[in-house]
Amino acid sequence: MPADHQHHPLRLRQPRHKPDPRARRWWTVQALVLPSGPMLLVAASLFVLSLLFFPGALPWLGPLLAVLTVGALGYLLVMPRWRYRVHAWELGEHAVYAASGWFWQKRRITPLSRVQTVDTVRGPIQQAFGLATVTVTTASSAGSVKIAGLSAADAETLARRISDAAQLVPGDAA
Amino acid sequence: MNTQRPTGRSAAQWRTLDPRTLAVHCSWMGAPLGSLTLTALATGGRPGTGARVTLAGIGVAFTLVTLAQIIRWRRTRYRVTADSFELCTGLLTRRLRTVPLHRIRNVDLTANPVHRIFGLTVLRAATTGSSDDRHELTLEALTRPDAERLRSELLAHAASTDADDPVLATADPRWLRYAPLTFWVFGGVFAAAGSSYRALDAAGIEPWRIGFVRRSFEEFGNSALWITIPLALLAVGVLGSAGAIVLYAENWWKYRLEWADADTLRVRRGLLTTRSVSIERSQLRGVTLREPLLLRAGGGATVRAVAGGLGDRDENRKRSVVLPPAPRAQALRTCAGILHSPESPLEQAEFTPHPRVALRRRLVRAVVWAILPTAVTLTVLGVLLTPVLLYCALAFVVLAAPVAYGLARDAHRSLGHTVCGRHLVIRSGTFSRDTVALRRDAVIGWTFTRTPFSRRAGVLTATAAVAAGEQGYRIPDMAADEAVGFVNTVSPGLLDEFLDDESPDRPARQSANPPRRW
């Protein structure tokens, strides 16, 4: 077996469908809410405070704040685009196939016969952008698939198609 | 599945917990009362205001808790009907839970020393898909015969034919020699010392005031350090080893692993706290052979069952251990017995090694995460404060580098994966080298993970999802070219519809668009 694959290695292709383009904006807002916004706020307020009251601290505080700012801005600008390039999903005949992550990228394949539940989740920020996340759970937490950044309509259709398909395929979800 | 049972749905009687449970619940009073007694002794029977307030607080808490326990005890009742187990509980809100018998996967009986004084035992029943509390039923507590009977009623739907050789392993006093190789010997002593100091402190006793302790410390400081420090280390080592042996005995006394019937694997063990864990065969997805660094050096190993329905991750870690630290050969025999195969796939497996670049990645990790932080910190402090630290940094690097190299080499050598008959076998780890054999049909999904770094190195990590044990079992850093093919061998057909049609083409074409194909 191994010798055969060394000549013609099997490879996975990209899942067929991309998330909704609005997902990029959603991820940007998310990044702004969690790490980037607070980081920038802290950097700005520390800078102003030290400028006003402790100008002597600037020489060593300045570089630290610069690193913080660059990190926050970098994450804010890079993560959503990178993530959008990686994310993709596909509902096959027998399995769900999804790619996610940005730096740590993962591709997960879960057979429909093992699907236990299909949830559609819409967080507050997602609702503002008209997006939704479909979560497919299995008996193993390492087998659950999350397809994020779908348009609400797509998510609903997908969730229905997955649950229909999961019931069609005979198998033991446990 | 529905065996004839004398009791029908309506005829089944509600049963209650044993009233002695109430006495067991009072045992929490032990610690505060003990500490108060110590205070009373230390103060010569004239406790201060603080102690009086504590005493009053304990009294009030005791009354409230006991009342609550009485109500809970009165309201808890259970019965086994023809096809389900019903449990009625609730202190404030009443709850009736009905669990179909065929969903009950394994039943544990646990008794801590207090339970055992009163002849009681706690019964825990886990149901399918148990990874949280909702799926677990706990009855605290029943008399031992009641608990045994209830367990056989709950598991009666399983067939009860005897296996060929039901007993897989029993306790062997010679295994005690592995005990010091498992326990965190030095750390354990310091942890124990710390907690006893805290206990004395809470009782108002200051150990530094005790003449004997003070004298010995003064003498320790005055006499030659080159002899007292090794002696102290030796003493700590001996104490730690003794503690490890005691712990081993407490956990594994009268240990016995057997097929209770053709479908139930049962572990019994324990000296003061007795444990009995039953695992149904349909829930058994595989085994893990664990060889922690020290134990491996001593030629020993432990075995865990990879089984569903053993509770959440922590519970699973406690309950899945089916063989204590024992000789490796015994561990392999036990694995074979659990997997019901004449020869253990763990032994037969010829592992596919992982590419050499995996070694480089481990070396880089060791340098970046273990050596650099300490070395850089010491150097910076050395430049700022005193040159002595610079020498410390140099010594650290010189000493740590070979160790890190050795560990990285070992970690790389441990890596391996293969298919052995019905099983997928994965080996990895250096601090604990774990060899896992999973039933291939129990793998319910695959994940491939990579980072830009691993992509450049041409490796990726594949994770097999299993509804048991650790949930996901990783094959770290396997050759990217080989990963998909290997997964295809383990779970044939699963990947077919997502394979790249062009992949059987020339390797030259694969580099045309590398980011998209894995």
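These figures come from a predicted structure and were not determined experimentally.
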I need the residue from A:Pro15, A:Gly101, A:Ser140 with the largest number of non-hydrogen atom pairs under 4.5 Å to chain B. A:Ser140

Indicate every side-chain donor-acceptor pair of residues 63-75 of chain A with a distance under 3.5 Å to a residue at least two apart or in another chain.
from	atom 1	to	atom 2	distance (Å)
A:Thr69	OG1	A:Leu65	O	2.7

Measure B:Tyr473 against the heavy atoms of chain A and call it side chain, backbone, both or neither at under 4.5 Å. neither

Output the option from B:Leu494, B:Val443, B:Val487, B:Val419 having the highest count of non-hydrogen pairs under 4.5 Å with chain A.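 Highest number of heavy-atom pairs under 4.5 Å: B:Leu494.
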
Where B:Val490 and B:Arg440 come nearest, the two heavy atoms and their spacing: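 Distance-wise, the nearest heavy atoms are O-NE, 3.1 Å.
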
Tell me whether the centres of the aromatic rings in A:Trp82 and A:His87 are closer together than 6.0 Å. no

Of all pairs that satisfy salt bridge (Lys or Arg N to Asp or Glu O under 4.0 Å), the ones with a partner from residues 22-47 of chain A, not counting sequence neighbours: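 Those involving residues 22-47 of chain A are A:Asp20-A:Arg22.
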
